[in-house]
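Encoded as C-alpha coordinates, the structure appears first; notes follow it.
Along the sequence shown, residues are numbered consecutively beginning with 1.
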Amino acid sequence: LAGDVRSAAPIAAAAGVPMLSFTNDAAVAGGGTYVLGFQPTQAIARAIGFARARGLQRFGALVPAGIYGQRATTAFLRAVQATGGVVTGIATYTRDKRQLAAAARKVTNYEARLQHAGGASALRPDGTVAPVAQRAGPVPFEALMIADSGPIAAAFGPALAQFGAGAGSVRLLGTELWANELALGRAPGMRGAWFAAVPDARFAKMSARYRARYGTRPSRLASLGYDAVLLVQTGAARWSIGSPFPRAVLSDRGGFTGVDGVFRFTPGGVAERALEVRQVGAAGSAVVSPAPSNLGG
(Lines give C-alpha, C1' and ligand atoms only; values in the text may rest on other atoms or scores of the structure.)
Protein backbone atom coordinates (compact mmCIF):
# COMPACT_ATOMS: atom_id res chain seq x y z
CA LEU A 1 0.00 0.00 0.00
CA ALA A 2 1.02 3.63 -0.38
CA GLY A 3 2.03 3.95 3.27
CA ASP A 4 4.32 0.95 2.97
CA VAL A 5 5.90 2.38 -0.17
CA ARG A 6 6.58 5.71 1.59
CA SER A 7 8.34 3.84 4.40
CA ALA A 8 10.47 1.67 2.14
CA ALA A 9 11.27 4.11 -0.66
CA PRO A 10 13.92 6.23 1.13
CA ILE A 11 15.81 3.12 2.22
CA ALA A 12 15.76 1.61 -1.26
CA ALA A 13 16.75 4.94 -2.83
CA ALA A 14 19.69 5.34 -0.45
CA ALA A 15 20.91 1.91 -1.50
CA GLY A 16 20.45 2.72 -5.19
CA VAL A 17 17.84 -0.02 -5.59
CA PRO A 18 14.84 0.68 -7.84
CA MET A 19 11.53 -0.44 -6.33
CA LEU A 20 8.48 -1.81 -8.14
CA SER A 21 5.35 -1.15 -6.10
CA PHE A 22 1.79 -2.43 -6.50
CA THR A 23 -0.04 0.59 -5.09
CA ASN A 24 -2.29 2.67 -7.35
CA ASP A 25 -1.24 5.90 -5.63
CA ALA A 26 0.73 7.80 -8.27
CA ALA A 27 1.87 10.31 -5.65
CA VAL A 28 4.50 7.89 -4.33
CA ALA A 29 6.20 7.39 -7.72
CA GLY A 30 9.57 8.90 -8.60
CA GLY A 31 13.08 8.83 -7.20
CA GLY A 32 13.54 5.20 -8.20
CA THR A 33 10.04 4.06 -7.14
CA TYR A 34 7.81 2.73 -9.91
CA VAL A 35 4.04 2.34 -9.51
CA LEU A 36 2.44 -0.64 -11.26
CA GLY A 37 -1.06 -0.28 -9.79
CA PHE A 38 -4.02 0.50 -12.05
CA GLN A 39 -4.67 4.24 -12.30
CA PRO A 40 -8.28 5.45 -12.06
CA THR A 41 -7.23 8.64 -13.85
CA GLN A 42 -6.33 6.62 -16.96
CA ALA A 43 -9.58 4.66 -16.83
CA ILE A 44 -11.60 7.87 -16.55
CA ALA A 45 -9.80 9.43 -19.52
CA ARG A 46 -10.33 6.29 -21.65
CA ALA A 47 -14.05 6.07 -20.84
CA ILE A 48 -14.60 9.79 -21.50
CA GLY A 49 -12.67 9.60 -24.76
CA PHE A 50 -14.74 6.64 -25.92
CA ALA A 51 -17.99 8.39 -25.00
CA ARG A 52 -16.93 11.53 -26.91
CA ALA A 53 -16.06 9.40 -29.94
CA ARG A 54 -19.61 8.02 -29.78
CA GLY A 55 -21.04 11.54 -29.94
CA LEU A 56 -21.78 12.25 -26.28
CA GLN A 57 -20.89 15.81 -25.28
CA ARG A 58 -22.36 16.76 -21.89
CA PHE A 59 -20.96 15.02 -18.81
CA GLY A 60 -21.79 14.93 -15.12
CA ALA A 61 -19.90 13.11 -12.36
CA LEU A 62 -20.49 11.54 -8.96
CA VAL A 63 -17.29 11.17 -6.93
CA PRO A 64 -16.68 10.02 -3.34
CA ALA A 65 -15.30 12.40 -0.75
CA GLY A 66 -11.59 12.02 0.01
CA ILE A 67 -8.29 11.84 -1.86
CA TYR A 68 -9.51 9.27 -4.39
CA GLY A 69 -12.48 11.47 -5.22
CA GLN A 70 -10.29 14.56 -5.55
CA ARG A 71 -8.03 12.81 -8.03
CA ALA A 72 -11.00 11.41 -9.91
CA THR A 73 -12.49 14.89 -10.15
CA THR A 74 -9.27 16.32 -11.58
CA ALA A 75 -8.99 13.48 -14.08
CA PHE A 76 -12.63 13.89 -15.09
CA LEU A 77 -12.31 17.64 -15.67
CA ARG A 78 -9.11 17.23 -17.69
CA ALA A 79 -10.52 14.41 -19.80
CA VAL A 80 -13.72 16.26 -20.68
CA GLN A 81 -11.80 19.45 -21.48
CA ALA A 82 -9.20 17.61 -23.58
CA THR A 83 -11.88 15.98 -25.72
CA GLY A 84 -13.97 19.12 -26.21
CA GLY A 85 -16.86 18.04 -24.00
CA VAL A 86 -18.89 20.05 -21.50
CA VAL A 87 -19.05 19.47 -17.73
CA THR A 88 -22.56 20.07 -16.44
CA GLY A 89 -21.92 19.33 -12.77
CA ILE A 90 -20.02 17.30 -10.18
CA ALA A 91 -21.42 16.07 -6.87
CA THR A 92 -19.43 14.50 -4.02
CA TYR A 93 -20.79 12.19 -1.34
CA THR A 94 -19.94 9.91 1.53
CA ARG A 95 -21.08 6.30 1.27
CA ASP A 96 -24.35 6.79 3.11
CA LYS A 97 -27.78 6.09 1.58
CA ARG A 98 -29.05 9.61 2.27
CA GLN A 99 -25.86 11.12 0.88
CA LEU A 100 -26.22 9.11 -2.33
CA ALA A 101 -29.73 10.46 -2.84
CA ALA A 102 -28.62 14.03 -2.11
CA ALA A 103 -25.73 13.73 -4.57
CA ALA A 104 -28.04 12.35 -7.26
CA ARG A 105 -30.45 15.22 -6.68
CA LYS A 106 -27.62 17.74 -6.98
CA VAL A 107 -25.88 16.36 -10.06
CA THR A 108 -29.18 16.09 -11.95
CA ASN A 109 -29.82 19.78 -11.16
CA TYR A 110 -33.31 18.84 -10.07
CA GLU A 111 -34.24 22.04 -8.24
CA ALA A 112 -33.37 24.29 -11.18
CA ARG A 113 -35.11 21.98 -13.65
CA LEU A 114 -38.28 21.97 -11.60
CA GLN A 115 -38.18 25.73 -11.21
CA HIS A 116 -37.62 26.16 -14.94
CA ALA A 117 -40.70 24.04 -15.53
CA GLY A 118 -42.65 26.55 -13.47
CA GLY A 119 -42.91 24.31 -10.45
CA ALA A 120 -44.98 21.90 -12.53
CA SER A 121 -47.67 20.13 -10.57
CA ALA A 122 -47.02 16.63 -9.34
CA LEU A 123 -50.67 15.72 -9.83
CA ARG A 124 -51.91 14.04 -12.97
CA PRO A 125 -55.44 14.69 -14.23
CA ASP A 126 -56.56 11.38 -12.67
CA GLY A 127 -55.30 12.50 -9.27
CA THR A 128 -52.20 10.26 -9.12
CA VAL A 129 -48.76 11.70 -8.43
CA ALA A 130 -46.38 11.94 -11.37
CA PRO A 131 -42.76 10.77 -10.91
CA VAL A 132 -40.14 13.47 -10.55
CA ALA A 133 -38.80 12.81 -14.05
CA GLN A 134 -42.16 13.68 -15.58
CA ARG A 135 -42.51 16.94 -13.66
CA ALA A 136 -39.11 18.41 -14.48
CA GLY A 137 -37.26 18.79 -17.76
CA PRO A 138 -34.44 16.48 -18.89
CA VAL A 139 -31.21 16.19 -16.92
CA PRO A 140 -28.34 18.40 -18.13
CA PHE A 141 -25.94 15.57 -19.01
CA GLU A 142 -25.88 12.79 -21.58
CA ALA A 143 -23.33 10.69 -19.69
CA LEU A 144 -22.64 10.35 -15.97
CA MET A 145 -19.30 9.19 -14.56
CA ILE A 146 -19.60 7.33 -11.23
CA ALA A 147 -16.02 7.10 -9.93
CA ASP A 148 -16.59 4.38 -7.35
CA SER A 149 -17.04 0.64 -6.99
CA GLY A 150 -19.68 -1.29 -8.90
CA PRO A 151 -21.94 -1.86 -5.87
CA ILE A 152 -21.92 1.87 -5.02
CA ALA A 153 -22.69 2.75 -8.64
CA ALA A 154 -25.61 0.31 -8.60
CA ALA A 155 -26.83 1.79 -5.30
CA PHE A 156 -27.29 5.14 -7.06
CA GLY A 157 -29.82 3.56 -9.41
CA PRO A 158 -33.08 4.29 -7.56
CA ALA A 159 -32.17 7.92 -6.78
CA LEU A 160 -30.98 8.62 -10.31
CA ALA A 161 -34.20 7.18 -11.70
CA GLN A 162 -36.24 9.30 -9.27
CA PHE A 163 -34.54 12.49 -10.44
CA GLY A 164 -34.73 11.80 -14.16
CA ALA A 165 -31.51 9.92 -14.95
CA GLY A 166 -32.85 6.38 -14.99
CA ALA A 167 -31.91 3.44 -17.17
CA GLY A 168 -31.96 4.27 -20.86
CA SER A 169 -32.07 8.04 -20.41
CA VAL A 170 -28.34 8.61 -19.84
CA ARG A 171 -25.15 6.61 -20.32
CA LEU A 172 -23.37 5.63 -17.09
CA LEU A 173 -19.56 5.55 -17.13
CA GLY A 174 -17.23 3.85 -14.68
CA THR A 175 -13.62 3.03 -13.84
CA GLU A 176 -11.47 -0.06 -13.50
CA LEU A 177 -13.10 -0.65 -10.09
CA TRP A 178 -16.01 -2.23 -11.97
CA ALA A 179 -13.87 -4.84 -13.69
CA ASN A 180 -14.27 -7.57 -11.06
CA GLU A 181 -17.99 -7.04 -10.46
CA LEU A 182 -19.35 -9.98 -12.44
CA ALA A 183 -22.88 -9.48 -11.12
CA LEU A 184 -23.06 -5.77 -11.98
CA GLY A 185 -25.63 -6.39 -14.70
CA ARG A 186 -28.10 -7.78 -12.17
CA ALA A 187 -28.96 -4.17 -11.40
CA PRO A 188 -31.07 -3.19 -14.46
CA GLY A 189 -29.97 0.43 -14.18
CA MET A 190 -26.36 -0.60 -14.81
CA ARG A 191 -26.96 -2.41 -18.09
CA GLY A 192 -25.46 -0.58 -21.01
CA ALA A 193 -22.93 1.28 -18.83
CA TRP A 194 -19.39 1.69 -20.16
CA PHE A 195 -16.19 1.37 -18.15
CA ALA A 196 -12.48 1.16 -18.96
CA ALA A 197 -10.12 -1.47 -17.58
CA VAL A 198 -7.04 -3.48 -18.45
CA PRO A 199 -7.65 -6.39 -20.87
CA ASP A 200 -8.61 -9.66 -19.20
CA ALA A 201 -7.63 -12.22 -21.83
CA ARG A 202 -4.07 -12.91 -20.64
CA PHE A 203 -5.11 -12.86 -16.99
CA ALA A 204 -7.78 -15.48 -17.73
CA LYS A 205 -5.08 -17.77 -19.15
CA MET A 206 -2.79 -17.14 -16.18
CA SER A 207 -5.69 -17.77 -13.81
CA ALA A 208 -6.43 -21.12 -15.49
CA ARG A 209 -2.81 -22.23 -15.11
CA TYR A 210 -2.82 -21.07 -11.49
CA ARG A 211 -6.02 -22.99 -10.68
CA ALA A 212 -4.65 -26.13 -12.33
CA ARG A 213 -1.54 -25.96 -10.17
CA TYR A 214 -2.84 -24.67 -6.84
CA GLY A 215 -6.53 -25.51 -6.91
CA THR A 216 -7.71 -21.98 -6.20
CA ARG A 217 -8.30 -18.72 -8.06
CA PRO A 218 -5.58 -16.05 -7.86
CA SER A 219 -6.28 -12.51 -6.77
CA ARG A 220 -6.90 -10.17 -9.70
CA LEU A 221 -3.91 -8.18 -8.46
CA ALA A 222 -1.63 -11.21 -8.79
CA SER A 223 -0.86 -10.00 -12.29
CA LEU A 224 1.09 -7.07 -10.83
CA GLY A 225 3.50 -9.41 -9.05
CA TYR A 226 3.80 -11.59 -12.13
CA ASP A 227 4.58 -8.62 -14.36
CA ALA A 228 7.06 -7.19 -11.85
CA VAL A 229 9.11 -10.39 -12.07
CA LEU A 230 8.90 -10.30 -15.87
CA LEU A 231 10.28 -6.75 -15.82
CA VAL A 232 13.27 -7.85 -13.76
CA GLN A 233 13.82 -10.79 -16.08
CA THR A 234 13.73 -8.43 -19.08
CA GLY A 235 16.80 -6.69 -17.69
CA ALA A 236 18.56 -9.87 -16.60
CA ALA A 237 20.64 -10.20 -19.76
CA ARG A 238 22.22 -6.81 -19.04
CA TRP A 239 22.47 -7.23 -15.28
CA SER A 240 25.30 -8.81 -13.33
CA ILE A 241 24.27 -9.73 -9.80
CA GLY A 242 25.98 -7.35 -7.41
CA SER A 243 25.89 -4.46 -9.85
CA PRO A 244 23.12 -1.82 -10.12
CA PHE A 245 20.01 -2.92 -11.99
CA PRO A 246 19.94 -1.34 -15.50
CA ARG A 247 17.17 1.21 -14.95
CA ALA A 248 17.16 2.12 -18.63
CA VAL A 249 15.22 -1.11 -19.14
CA LEU A 250 12.34 0.30 -17.09
CA SER A 251 12.39 3.56 -19.06
CA ASP A 252 11.92 1.87 -22.46
CA ARG A 253 9.29 3.99 -24.25
CA GLY A 254 8.44 1.01 -26.43
CA GLY A 255 6.91 -0.51 -23.33
CA PHE A 256 6.18 -4.08 -22.35
CA THR A 257 3.49 -6.69 -22.84
CA GLY A 258 2.39 -8.15 -19.54
CA VAL A 259 -0.50 -10.13 -18.12
CA ASP A 260 -2.57 -6.93 -18.09
CA GLY A 261 -1.69 -5.98 -21.66
CA VAL A 262 0.63 -3.30 -22.99
CA PHE A 263 2.18 -0.83 -20.55
CA ARG A 264 5.18 1.41 -19.99
CA PHE A 265 6.41 3.75 -17.29
CA THR A 266 6.03 7.49 -17.64
CA PRO A 267 9.10 9.63 -16.88
CA GLY A 268 7.57 10.05 -13.42
CA GLY A 269 7.54 6.29 -12.81
CA VAL A 270 3.80 5.53 -13.17
CA ALA A 271 2.61 2.63 -15.31
CA GLU A 272 0.75 3.93 -18.37
CA ARG A 273 -1.55 1.22 -19.70
CA ALA A 274 -3.48 0.40 -22.86
CA LEU A 275 -7.09 0.01 -21.69
CA GLU A 276 -10.17 -1.52 -23.25
CA VAL A 277 -13.75 -0.31 -22.84
CA ARG A 278 -16.45 -2.77 -21.78
CA GLN A 279 -20.22 -2.55 -21.71
CA VAL A 280 -22.21 -3.99 -18.82
CA GLY A 281 -24.79 -6.62 -19.78
CA ALA A 282 -27.12 -8.94 -17.91
CA ALA A 283 -24.52 -11.72 -17.83
CA GLY A 284 -21.36 -9.69 -17.25
CA SER A 285 -19.57 -7.31 -19.59
CA ALA A 286 -18.41 -7.36 -23.20
CA VAL A 287 -15.59 -5.46 -24.91
CA VAL A 288 -16.89 -2.64 -27.12
CA SER A 289 -13.50 -1.02 -27.77
CA PRO A 290 -10.36 -3.22 -27.61
CA ALA A 291 -7.19 -1.98 -25.96
CA PRO A 292 -4.63 -0.52 -28.39
CA SER A 293 -1.81 -2.88 -29.36
CA ASN A 294 0.76 -0.18 -28.51
CA LEU A 295 0.98 3.14 -26.71
CA GLY A 296 2.64 5.06 -29.55
CA GLY A 297 5.56 7.42 -29.21
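Proximity of D260 to D227: side-chain heavy atoms (C-beta onward) are separated by under 4.5 Å at one or more points. Using a 4.5 Å heavy-atom cutoff, the side chains of Q162 and L160 are not in contact. E176 has its side chain out of reach of V198: every pair of non-hydrogen atoms, C-beta onward, lies at least 4.5 Å apart.
Remark: the S223 side chain and the R220 side chain contain an N/O donor-acceptor pair separated by less than 3.5 Å. Checked by atom type, the side-chain pair R46/S289 shows a donor-acceptor distance below 3.5 Å. A side-chain donor-acceptor contact under 3.5 Å links R211 and S207.
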Is there a ring-ring contact (aromatic ring centres under 6.0 Å, His included) between F59 and F141 once you walk through the steps? CA-CA 5 Å; F59 296 85; F141 49 82; 9.5 Å; no
I'd like to know whether R52 forms a side-chain contact (heavy atoms from CB on, under 4.5 Å) with Q57, so could you lay out the CA-CA distance, the side-chain angles of the two residues, the decisive distance to 0.1 Å, and finally the verdict. CA-CA 6 Å; R52 285 291 294 126; Q57 184 175 13; 3.9 Å; yes
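Between E111 and K106, none of the side-chain N atoms (NZ, or NE/NH1/NH2) sits under 4.0 Å from a carboxylate O, so this pair counts as no salt bridge. A salt bridge is defined here as a Lys NZ or Arg NE, NH1 or NH2 lying under 4.0 Å from an Asp or Glu carboxylate O, and D200 with K205 fails to meet this definition.
In this structure F156 satisfies the ring-ring contact (aromatic ring centres under 6.0 Å, His included) test together with Y93, sequence neighbours excluded.
Screening residues 263-295 for ring-ring contact (aromatic ring centres under 6.0 Å, His included), with sequence neighbours left out, gives Y34-F265, F256-F263.
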Determine all donor-acceptor pairs shorter than 3.5 Å in which one atom belongs to a side chain in residues 186-197; sequence neighbours excluded.
| residue | atom | partner | partner atom | Å |
| --- | --- | --- | --- | --- |
| R191 | NE | G185 | O | 2.6 |
| R191 | NH2 | G185 | O | 3.2 |
| W194 | NE1 | Q279 | OE1 | 2.9 |

